[in-house]
Amino acid sequence: MLRKGRSLSYQEFNDDDDEGGGDEDEGNAPSPVFFDDVTEDPEHENPDSSISQTQDDVRWTNPPMRFSKTCLKNFFTVVLIFIYLLLTAVAAFLAYQTISDFLEKLNNPVMSVIYKEVDSFSSPGIALYPGKAQLLSCKHHYHDYIPPLVDPGKPQEVDCNIKEVTYFGPFANETEKKALVVRGPSDVRNKELIFMQFSRNETEEDFSAINYMLFAKFSDLTDSANKSEFMRDCERNYSMWTFSGGFRTWVKMSLLTTSGVKNEAVEFRQESSVVKFNDKRPEGAQTDQLYFAVFEWRDPFMQEIRLIVTANAWSSIAILCGVFMALFKAANFAKLTIKWTIKMRKRHLRNKARELNHVT
């Protein structure tokens, strides 16, 4: 560019001389070759000028390509860091969700129901609270057969095992209670049942009923050293039911055993049916209210409920180990990526400073 500019200026100067001087100065005028040599000599004498010109040309051609590669690398680096940060957040959420599910399953066990078939049950205890009513009869029968009543309202044969217990109630009023505890049926295959009959003068009351309570084993009462305390505990833990006067109440029992995390509980479920009693007594004897109750096992299946904790500690630990390994790997990769980014940044700054030094 410099050589061409000097050549043009010389040509203009030469034209001016030709116009003003004429032919006289034509012999003394320096030849254009001399000026060309003068203008070309500095480049031959100073070879660094061609190198600097080449570096300028390279500098104008290479930086866009290098800049694009650097931007592309930085872009992919940022994308990778973002992806690993996203994976780290997902892994942390998975760890939190795993711990929450484990605690939820640990605090809320699953109920598993098992039906176990038996030939006979342990004789339950039937605690009756007749109050002013009188027990007239208590008999064992089999195969769901109850013979016709003979002289209803009059005392009859009693062949049941009965214990009488007096105790104070477990609740606030602590009233004194008198319970007749009857040994219940056990032979479920032969459909053993107990038929009981009570009588009470109900002329002074509008409604009449007898309360009763069922507990697991009659032998627990006989083996207990303090029967009053045992009955207090039974009333505290078991439910109370009633059967009314003037009807025959047929109670079919089923045993439910619940095995919890710490202890085991036993309770009864019952199905009852009520049939009206056709009182054929003379009108003078009908002032006494009659009660009839039948107790029988419903079926030979014992229902067992077990509370199962589905939370598996080992599987949760394995999941957490995998999650923490993923977090460690992500953190390690992020650290290496940051180091690599810093290294590339330093290299870029160093190359930029070297180029600036060449320019200066």
Side-chain angles (χ1 to χ4, degrees), residues 114-131 133-142 157-171 173-198 210-243 249 251-270 272 293-307:
I114 301 173
Y115 290 93
K116 182 180 179 181
E117 187 175 2
V118 297
D119 293 330
S120 63
F121 288 93
S122 298
S123 298
I126 304 173
L128 301 136
Y129 301 89
Q134 178 185 1
L135 178 63
L136 299 178
S137 66
C138 180
K139 293 182 180 181
H140 290 260
H141 300 284
Y142 294 89
E157 182 183 358
V158 176
D159 60 358
C160 299
N161 188 356
I162 301 175
K163 298 291 183 182
E164 184 175 339
V165 182
T166 302
Y167 67 96
F168 290 94
F171 302 107
N173 51 7
E174 292 188 354
T175 56
E176 185 178 3
K177 292 186 176 182
K178 181 179 180 181
L180 294 177
V181 185
V182 181
R183 181 171 182 166
S186 61
D187 192 353
V188 65
R189 288 298 179 183
N190 293 320
K191 294 186 178 181
E192 179 186 4
L193 59 86
I194 290 179
F195 177 73
M196 290 182 287
Q197 181 182 172
F198 292 85
I210 292 178
N211 296 329
Y212 68 94
M213 177 181 63
L214 303 174
F215 59 89
K217 294 180 181 180
F218 180 78
S219 58
D220 291 341
L221 175 65
T222 57
D223 297 339
S224 177
N226 190 343
K227 294 180 175 56
S228 298
E229 189 65 27
F230 176 81
M231 291 303 299
R232 283 171 59 91
D233 293 337
C234 287
E235 186 175 347
R236 185 181 295 111
N237 298 321
Y238 291 95
S239 300
M240 301 285 291
W241 291 282
T242 60
F243 59 88
T249 304
V251 179
K252 293 187 177 182
M253 305 174 293
S254 61
L255 189 62
L256 177 63
T257 304
T258 304
S259 298
V261 179
K262 296 181 180 180
N263 52 14
E264 183 175 314
V266 178
E267 63 176 320
F268 283 87
R269 290 181 179 176
Q270 64 174 20
S272 60
V294 181
F295 291 91
E296 180 189 10
W297 289 104
R298 186 182 66 178
D299 50 45
F301 295 100
M302 181 185 297
Q303 185 177 356
E304 294 182 358
I305 297 178
R306 297 183 180 275
L307 299 179

Sorted by chain and number, sequence neighbours left out, side chain to side chain contact (heavy atoms under 4.5 Å, CB included) with Ser137 holds for Gln156, Gln197

List in chain and number order the residues that pass side chain to side chain contact (heavy atoms under 4.5 Å, CB included) with Ser122, two or more places apart in sequence or in another chain; answer none if no residue qualifies. Lys217

Kindly write out the residues that satisfy ring-ring contact (aromatic ring centres under 6.0 Å, His included) with Phe295, not counting sequence neighbours, or none if the list is empty. Tyr212

By side chain to side chain contact (heavy atoms under 4.5 Å, CB included), Asp223 pairs with (sequence neighbours left out) Ser219

Side-chain donor-acceptor pairs of residues 230-241 under 3.5 Å, sequence neighbours excluded:
unit_1 : atom_1 : unit_2 : atom_2 : d
Arg232 : NH1    : Phe168 : O      : 2.8
Arg232 : NH1    : Gly169 : O      : 3.2
Asp233 : OD1    : Arg236 : NH1    : 2.7
Glu235 : OE1    : Tyr167 : OH     : 2.7
Glu235 : OE2    : Lys177 : NZ     : 2.3
Asn237 : ND2    : Asp233 : O      : 3.0

Side chains of Asn161 and Val182: closer than 4.5 Å at any heavy-atom pair? no

Just verifying a value: how many Å separate Cys160 SG and Leu135 CG, rounded to the nearest 0.5 Å? 8.0 Å

Measure up the Phe121 and Trp297 rings against each other and bin them: parallel (under 30°), tilted (30 to 60°), perpendicular (over 60°). parallel

NZ/Lys163: more than 12 non-hydrogen atoms of other groups inside 6.0 Å: no

Suppose we screen for side-chain hydrogen bond (donor to acceptor under 3.5 Å, both in side chains). Which residues come up paired with Gln134, at least two apart in sequence or across chains? none

So how far is it from Gln303 CD to Thr258 OG1, rounded to the nearest 0.5 Å? 8.0 Å

Please name all residues satisfying side-chain hydrogen bond (donor to acceptor under 3.5 Å, both in side chains) with Glu164, sequence neighbours left out, ordered by chain then number. Lys178

Flag side-chain contact, heavy atom, 4.5 Å: Met196 against Leu128: yes

Minimum-distance pair of heavy atoms, taken over all atoms of Met302 and Leu255: CE-CD2, 3.9 Å

Heavy-atom side-chain proximity of Leu214 to Pro124 below 4.5 angstrom: no

Counting only pairs under 3.5 Å, give me each side-chain donor-acceptor contact of residues 183-195, with atom names and distances, residues two or more places apart or in other chains.
unit_1 : atom_1 : unit_2 : atom_2 : d
Arg183 : NE     : Ser123 : OG     : 3.3
Asp187 : OD1    : Arg189 : N      : 3.4
Asp187 : OD1    : Asn190 : N      : 3.3
Asp187 : OD2    : Asn190 : ND2    : 2.6
Arg189 : NE     : Asp119 : OD1    : 3.2
Arg189 : NH2    : Glu117 : OE2    : 2.6
Glu192 : OE1    : Ser186 : N      : 3.1
Glu192 : OE1    : Asp187 : N      : 3.0
Glu192 : OE2    : His140 : ND1    : 2.8

